[in-house]
Q: 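Take a look at the following structure, please.
Letters A, B, ... mirror the listed sequences (proteins, then strands); counts begin at 1. For clarity, every value in this text was computed on a predicted model and none was experimentally measured.
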There are 2 protein chains.
Amino acid sequence: MSKILVVDDEKDIVDLVSLHLQREGHEVVSVGNGLAVVPEAIRSSPDLIVLDIMLPGIDGVQVHRRLRADSRTRHIPVIMLTARSQTNDRIAGLEGGADDYLTKPFSPRELMLRIGAVLRRSQKVVMLAEQRIGDFMLDRKNMSLSINGQQIDLTITELKLITTLMANPDVIHSRGELLNAVWGYADDTQSRTLDTHIKRLRDKLGTYGAHVGTLRRQGYFFQTQVEQKVKA
Amino acid sequence: MSKILVVDDEKDIVDLVSLHLQREGHEVVSVGNGLAVVPEAIRSSPDLIVLDIMLPGIDGVQVHRRLRADSRTRHIPVIMLTARSQTNDRIAGLEGGADDYLTKPFSPRELMLRIGAVLRRSQKVVMLAEQRIGDFMLDRKNMSLSINGQQIDLTITELKLITTLMANPDVIHSRGELLNAVWGYADDTQSRTLDTHIKRLRDKLGTYGAHVGTLRRQGYFFQTQVEQKVKA
DNA sequence: CTCCCATGTTACGATCTCGTCGCACAACCA
DNA sequence: TGGTTGTGCGACGAGATCGTAACATGGGAG
């Protein structure tokens with residue numbers, strides 16, 4: 001199922017762990033040298049690294065630091081294997097960086113459970129390829145918005161904006177949230193750019209019965225069916 | 001799992017169907033009046049409608065027609081419940097519009113199976129929100145490509161192109177496939193537009209070690225780590 | 001070796017895009 | 001009611017974008 005890199009200089013441990021992992025359908029790559037971990041992690045891009053803290057040459061904490069320093073390995077979760085004899089503060093230090101740790105000696109079953117937990121935690125986020133909101137359909141694969149099968153011609157900025165608004169229909173999205181989602185910054189309270197793009201969206205979508213509403217000092221919201229306000 | 005709207009004026013049938021559906025983890029909404037179906041479908045936007053053909057006031061065929069007439073309900077699959085006594089031509093007429101139908105009396109188990117089949121057919125397509133290919137990460141939520149956490153400034157056309165290429169790394173994508181994926185048409189063999197955009201991609205991505213390869217008369221392909229060719 | 005054709009590359013300009021400005025307008029407060 | 005503040009809206013222009021044309025290059029067939 002997943003690809004796992006096992007790092008330990010004791011061949012017995014590598015074999016034991018590999019055996020159990022392979023039984024659960026995982027692909028295993030192993031390395032016995034601390035210095036080889038980062039290059040191997042870059043090469044094989046595993047989903048998880050099981051890292052012994054006791055390694056010849058460079059210890060596991062150093063390896064972990066290097067893994068976190070390289071952008072190509074930074075995202076890979078790490079489970080560290082520590083010795084019971086080591087001081088608690090070292091373990092505490094590990095907790096900050098590693099995703100989990102296990103003290104030797106450990107039962108293979110426990111390691112498997114922890115590996116399963118970490119893999120589940122780092123499970124890839126999936127999203128709907130096509131998202132329907134009222135009459136509209138957002139096609140994230142083609143990066144387009146269509147209504148009744150007909151594509152609406154939007155620029156990339158407009159698309160990002162309406163996507164953010166459509167992510168939660170009928171809820172208020174503050175200016176800051178929208179600025180951040182579309183432009184990547186949050187503190188631009190005096191610019192009129194957002195207003196202008198809202199206007200452009202309204203012009204393009206208004207034809208189709210969609211509505212971008214305003215809540216003064218609160219933000220904007222998207223709704224497909226305009227609620228009629230009853231006037232006395 | 002799914003939200004299902006059950007329409008029948010006989011409370012016994014509604015209860016029976018609801019019970020079975022809830023046992024399978026579905027959320028059930030029910031309506032006993034034909035005229036209330038379309039508004040309720042708009043309000044609750046179910047994944048499927050189970051619609052009895054015998055209803056007081058307005059019959060199921062009319063309701064079905066109205067569901068198909070409104071763009072907000074047009075996409076919702078419908079399973080119709082018909083009476084065995086009804087003529088075959090009516091059933092034939094249903095087949096054109098409804099996604100499935102079942103003649104009364106029916107076994108709950110058969111209805112469940114058909115519901116399962118229809119739901120499976122209309123199952124939503126999911127995709128990875130973030131897709132990692134080598135050093136690159138395609139963020140479909142933000143519609144951006146980044147390497148080492150740093151966004152690469154791509155235009156929407158370039159983004160669509162590289163997205164298509166990255167969907168299957170190392171495999172050849174023909175010109176026609178790319179033209180169709182990015183521009184929406186397939187027969188433009190003499191235009192140099194694609195070449196130019198490939199060039200622009202290469203210029204922007206080449207800095208980061210990615211490579212868009214050419215296979216003469218075959219197409220283009222994306223690879224993250226350039227294979228070194230050995231020269232004599 | 002030579003020619004042909006698919007692709008690479010550059011340059012160009014029409015068009016699009018988008019942030020800003022300035023003013024209009026509307027909501028809210030006193 | 002009048003003032004203040006936040007938003008709507010049209011216009012503008014610098015820069016981005018993208019398709020096309022024209023020429024360069026290079027692989028492969030004969």
Q: Identify the heavy atoms of B:Asp153 and B:Lys204 that sit nearest to each other, and give their distance.
A: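 Shortest heavy-atom contact: O-NZ, 3.2 Å.
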Q: Quick one: is C:dA6 close enough that its OP1 or OP2 comes under 4.0 Å of any side-chain N or O from B:Arg192?
A: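 For B:Arg192, the contact criterion (side-chain N or O under 4.0 Å from OP1 or OP2 of C:dA6) is not met.
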Q: Kindly say if A:Arg216 contacts the phosphate of D:dT7, meaning a side-chain N or O under 4.0 Å from OP1 or OP2.
A: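 For D:dT7, OP1/OP2 do not have a side-chain N/O of A:Arg216 under 4.0 Å.
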Q: Cut-off 3.5 Å, side chains only: do A:Gln22 and A:Ser18 have a donor facing an acceptor?
A: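 No, because no side-chain N or O of A:Gln22 sits under 3.5 Å from a partner of the opposite role on A:Ser18.
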Q: In whole angstroms, how far is the C1' atom of C:dC18 from the CG atom of A:Asp203?
A: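 That distance rounds to 14 Å.
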Q: Please state whether the phosphate of D:dC18, meaning OP1 or OP2, lies under 4.0 angstrom from any side-chain nitrogen or oxygen of B:Thr193.
A: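 It does not, given that no N or O in the side chain of B:Thr193 lies less than 4.0 Å from OP1 or OP2 of D:dC18.
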Q: Please report, rounded to the nearest Å, how far the P atom of C:dT17 is from the CG atom of A:Leu159.
A: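 One finds 12 Å between P of C:dT17 and CG of A:Leu159, rounded.
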Q: Side-chain N or O of A:His197 versus OP1/OP2 of C:dC18: is the shortest distance under 4.0 Å?
A: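 A:His197 to C:dC18 OP1/OP2: no side-chain N or O under 4.0 Å.
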Q: Whole-Å distance between C:dC18 C1' and A:Leu179 CG?
A: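 About 14 Å, once rounded to whole Å.
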Q: Could you state the CD-P distance from B:Gln218 to C:dT7, rounded to the nearest angstrom?
A: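 Roughly 9 Å, once rounded to whole Å.
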Q: Output the rounded distance in Å from CG (A:Asp195) to C1' (C:dT20).
A: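 My rounded result for the distance is 12 Å.
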Q: Are B:Arg202 and B:Thr214 linked by a side-chain donor-acceptor pair shorter than 3.5 Å?
A: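 Present: a donor and an acceptor within the cut-off.
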Q: Does D:dC18 have OP1 or OP2 sitting under 4.0 Å from an N or O in the side chain of B:Thr155?
A: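 For D:dC18, OP1 or OP2 has a side-chain N or O of B:Thr155 closer than 4.0 Å.
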Q: Could you check whether B:Thr157 and B:Thr155, counting side-chain N and O atoms only, form a donor-acceptor pair closer than 3.5 Å?
A: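 Side-chain D/A pair, B:Thr155 to B:Thr157: absent.
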Q: For the side chain of A:Ser191, starting at C-beta, report the closest nucleotide among D:dT5, C:dT20, C:dA6.
A: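 So the nucleotide nearest the side chain must be C:dT20.
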Q: In whole Å, I'd like the distance from the CG atom of A:Asp153 to the P atom of C:dC18.
A: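 Whole-Å distance recorded here is 11 Å.
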Q: Flag the pair B:Asp203 and B:Lys199 as a salt bridge only when some basic side-chain nitrogen lies within less than 4.0 angstrom of an acidic carboxylate oxygen.
A: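 Salt bridge flag = yes for B:Lys199 with B:Asp203.
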Q: Please tell me if A:Trp183 has a side-chain N or O lying less than 4.0 Å from either OP1 or OP2 of C:dC18.
A: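 So the side chain of A:Trp183 is outside the cut-off, no N or O lying under 4.0 Å from OP1 or OP2 of C:dC18.
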Q: Regarding D:dG8, can its base be found pairing with the side chain of A:Arg200 as donor and acceptor, where the two atoms are less than 3.5 Å apart?
A: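 In this structure, the two groups form no donor-acceptor pair.
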Q: May I ask you to verify if any side-chain N or O of A:Tyr220 is less than 4.0 angstrom from the OP1 or OP2 atom of D:dG6?
A: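 No, because none of the side-chain N or O atoms of A:Tyr220 sits under 4.0 Å from OP1 or OP2 of D:dG6.
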Q: Check the side chains of A:Glu40 and A:Ser44 for a donor-acceptor pair under 3.5 angstrom, ignoring hydrogens and angles.
A: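 A:Ser44 vs A:Glu40: donor-acceptor pair found between side chains.
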Q: Assuming nearest nucleotide by heavy-atom distance, tell me which of A:Leu154 and B:Lys199 is located more 5' along DNA chain C.
A: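 Whichever sits nearer the 5' end wins; that is B:Lys199.
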Q: Could you tell me whether B:Ile198 contacts a base, only the sugar-phosphate backbone, or nothing, with contacts defined as non-hydrogen atoms closer than 4.0 Å?
A: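 B:Ile198: no heavy atom of the nucleic acid under 4.0 Å.
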Q: Side-chain N or O of A:Thr214 versus OP1/OP2 of D:dG6: is the shortest distance under 4.0 Å?
A: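 For A:Thr214, the contact criterion (side-chain N or O under 4.0 Å from OP1 or OP2 of D:dG6) is not met.
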Q: So does B:Thr196 get a side-chain nitrogen or oxygen closer than 4.0 Å to the phosphate oxygens (OP1/OP2) of D:dG19?
A: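 No, B:Thr196 has no side-chain N/O under 4.0 Å of OP1/OP2 on D:dG19.
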Q: Categorize A:Arg202 for me: base, sugar-phosphate, or nothing, with a 4.0 angstrom heavy-atom threshold over every strand shown.
A: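 Sugar-phosphate contact only - A:Arg202 comes under 4.0 Å of backbone atoms but never of a base.
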Q: Separation of A:Arg175 atom CZ from D:dG6 atom P, in whole Å?
A: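 Result: 10 Å.
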Q: Rounding to a whole Å, what distance do you find between A:Lys204:NZ and C:dC18:P?
A: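 After rounding, the gap between these two atoms is 8 Å.
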